[in-house]
A.B. asks: 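This structure is in structure tokens; I'll ask about it shortly.
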2 protein chains.
Amino acid sequence: MCPVACMPQPETRDRILDAAEALFVEHGFEGTSMRVITRSAQANLAAVNYHFGSKDALIQAVFRRRLTALNEARLAALDQLEAQAGDAALKPSRIVFAFFGTALAMAADTEHGGATFMRLLSRTYNEPNAFVRQFLAEEYAEVMDRFLGALFRALPEVPRTEIMWRFHFMMGAMSFAMAGIESVHAMAGLPYEDEDPARLLPRLMSFLLGGLRAPLADLAETPRPMMFDVHDGIHGAG
Amino acid sequence: MCPVACMPQPETRDRILDAAEALFVEHGFEGTSMRVITRSAQANLAAVNYHFGSKDALIQAVFRRRLTALNEARLAALDQLEAQAGDAALKPSRIVFAFFGTALAMAADTEHGGATFMRLLSRTYNEPNAFVRQFLAEEYAEVMDRFLGALFRALPEVPRTEIMWRFHFMMGAMSFAMAGIESVHAMAGLPYEDEDPARLLPRLMSFLLGGLRAPLADLAETPRPMMFDVHDGIHGAG
DNA sequence: CACCATTTCAAACGCCTGTTTGAATCATAC
DNA sequence: GTATGATTCAAACAGGCGTTTGAAATGGTG
């Protein structure tokens, strides 16, 4: 029998989690077979089903291992903000920083695997797999609720729909930031120049806050003519 | 023999392309089998290999069918800008609009399948599958080169690396814009409210230009203390 | 009509998938 | 030493995968 004291888990479990995390980033969930995972983790094929029950449960475990900590850190940062502010209104930039700065702090942690995980997480936000999507939605529910609510209160004059969209846009920018600049270099046919990851946070924050503070779009002022030219161009070519 | 009465059903090739496009959006490339594609297209299983050669070739065909037109429209819009400007410098906002406005114009075209395709394209930008990634990079090479070059010339005082990063961030925001607001509603546990897609373009453009015009980040002014608090929080919890 | 290229079709191919099984191994407790 | 539960292991399972095959059906042309 194994008493609660023997928490030092057999390391097989963790080796599998590490291997799966790295392989999922590289080849996606469906593109990564259990045989590749277990071989990479130097474990037996049946070990995944023994320790986790199924491949889907393994995917959940990979996320839960780090996502719980990340979201708790986010909530803690928001708690601290609200405690400091007292009854005063929170600055939107502080709220944004509490959410995205926390994520980038984990992404900058290359030693404990946080960087790998954040690349996986950002790539998974729009995962086609329905099971993964619902799982992520549940994991994010509380954090989203708290941060959107804080932004609603901080920007009472801005329509809530507008705030949700801008938060969505910010998530997209962060997602691509996590993925790295390599794709831009590749698509532009440029050689890849290594970047200092420490510069990513200020770069992204500056961009995010610029977008958040941008004047609200006035539908009447949209430059329609060019829009329609382009539209016709697409139809003509297609 | 098929009399005139029987509907002029689109050719098998096109039915397969349409079915594959829609299914790829929903379940990804690896999650969509040839059997599901051909059944959905009401075609024989062997039809894909007959018409396209392989599943990979089908994926390429799905993209090429619309991506070529999209990128040609983008280049045409940039050509027009440069012709109008003559020797004068281009306004960065115009360049951004030529790139992203064109994409959103296609995304707004729900009747010809442009909307479906743009959702697929935006999700595929960070595809793990190496084959798809390289194919996309090649398809994008010329457009990326032209637009980045235009931005470099329009913003000579801004470091090129900074411009590339911001362009990357903008791509991320657009990618999530294409995916729709549903995920935010789902993650926040809110009911999904249908949105007017016509409002998406001004919303996104306002955000993108706000981000593009944001002051350049000053590394020295990064709010370090909070950053480290959060960082420690993550380590402590993990 | 026959001819011929194009397209469809059912069936099979070999390989890979996630999962299960039952025995072997290990570590600990009595 | 032996009993006990946890873990590993090789082997097999049923089923799905992309692809190939060769014959049947189709449609236009001389």
Side-chain angles (χ1 to χ4, degrees), chain A residues 1-24 26-63 127-132 134-135, chain B residues 1-24 26-63 127-132 134-135:
Chain A
M1 184 163 67
C2 179
V4 187
C6 91
M7 273 316 285
Q9 301 274 355
E11 60 182 44
T12 302
R13 233 188 97 98
D14 292 312
R15 287 206 317 275
I16 290 175
L17 285 174
D18 288 336
E21 189 175 68
L23 288 165
F24 287 158
E26 203 80 23
H27 305 106
F29 301 121
E30 319 229 25
T32 306
S33 72
M34 317 246 312
R35 282 164 179 83
V36 171
I37 294 172
T38 49
R39 203 178 308 140
S40 166
Q42 301 190 76
N44 186 272
L45 168 60
V48 168
N49 289 280
Y50 174 78
H51 285 283
F52 300 94
S54 67
K55 186 181 181 181
D56 277 357
L58 169 63
I59 295 175
Q60 286 197 30
V62 165
F63 278 95
E127 169 72 25
N129 183 317
F131 154 75
V132 176
Q134 173 170 354
F135 166 73
Chain B
M1 165 136 172
C2 177
V4 191
C6 89
M7 269 314 293
Q9 209 175 19
E11 295 300 321
T12 303
R13 231 188 98 96
D14 291 316
R15 287 206 319 274
I16 291 176
L17 284 174
D18 289 337
E21 189 175 68
L23 288 165
F24 286 157
E26 203 80 20
H27 306 106
F29 301 120
E30 319 228 25
T32 306
S33 73
M34 317 245 318
R35 284 165 177 83
V36 172
I37 294 171
T38 48
R39 202 178 308 140
S40 165
Q42 301 191 75
N44 187 271
L45 167 61
V48 168
N49 289 281
Y50 175 76
H51 285 284
F52 300 95
S54 69
K55 186 182 181 181
D56 277 358
L58 169 63
I59 295 174
Q60 287 197 30
V62 165
F63 277 96
E127 168 72 26
N129 182 317
F131 155 75
V132 176
Q134 173 170 354
F135 167 72

A.B. asks: Over how many whole Å does the gap from A:F52 atom CZ to D:dA6 atom P extend?
C.D. replies: 17 Å

A.B. asks: Expressed as a whole number of angstroms, how long is the span from B:N129:CG to D:dG18:P?
C.D. replies: 13 Å

A.B. asks: Is there a side-chain contact between A:T12 and the phosphate of D:dT8, meaning an N or O under 4.0 Å from OP1 or OP2?
C.D. replies: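 Yes, within the criterion.
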
A.B. asks: For A:H27 and C:dC16, what is the distance between atoms NE2 and P respectively, to the nearest whole Å?
C.D. replies: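 Checked: the NE2 to P distance equals 15 Å.
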
A.B. asks: Provide, to the nearest angstrom, the distance between the CD atom belonging to A:E11 and the C1' atom belonging to C:dA27.
C.D. replies: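 The distance from CD of A:E11 to C1' of C:dA27 comes to 15 Å, rounded to the nearest Å.
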
A.B. asks: Measure the distance from CG on B:N49 to P on C:dT6 and round it to the nearest whole Å.
C.D. replies: 18 Å

A.B. asks: So, for B:A41 and B:R15, which heavy atoms are closest and what is the spacing to 0.1 Å?
C.D. replies: O-NE, 2.8 Å

A.B. asks: Apply side chain to side chain donor-acceptor pair (under 3.5 Å) to A:Q42 and list each qualifying residue two or more places apart in sequence or on a separate chain.
C.D. replies: none

A.B. asks: If I compare all heavy atoms of A:K55 with all of A:F29, which pair ends up nearest, and what's the gap?
C.D. replies: NZ-O, 2.9 Å

A.B. asks: Without decimals, in angstroms, what is the distance between A:Y50 OH and D:dA10 P?
C.D. replies: 17 Å

A.B. asks: Does a side-chain heavy-atom distance below 4.5 Å link A:F131 with A:Q60?
C.D. replies: yes

A.B. asks: Check B:N49 against B:S54 and note the closest heavy-atom contact, atom names and distance.
C.D. replies: OD1-CA, 3.8 Å

A.B. asks: Determine, for nucleotides 11-17 of chain D in 5'-to-3' order, which nucleotides have protein heavy atoms under 4.0 Å from the base (write B), from only the sugar-phosphate (write S), or from neither (write -).
C.D. replies: -B----B

A.B. asks: Tell me which donor-acceptor pairs under 3.5 Å the side chains of residues 30-40 of chain B have, and how far apart each pair is, sequence neighbours excluded?
C.D. replies:
unit_1, atom_1, unit_2, atom_2, d
B:T32, OG1, B:L23, O, 3.3
B:T32, OG1, B:G28, O, 2.6
B:S33, OG, B:V36, N, 3.2
B:T38, OG1, B:M34, O, 2.8
B:T38, OG1, B:R35, O, 3.2

A.B. asks: Can you tell me if the side-chain N/O atoms of A:H51 get under 4.0 Å from OP1 or OP2 in D:dT8?
C.D. replies: yes

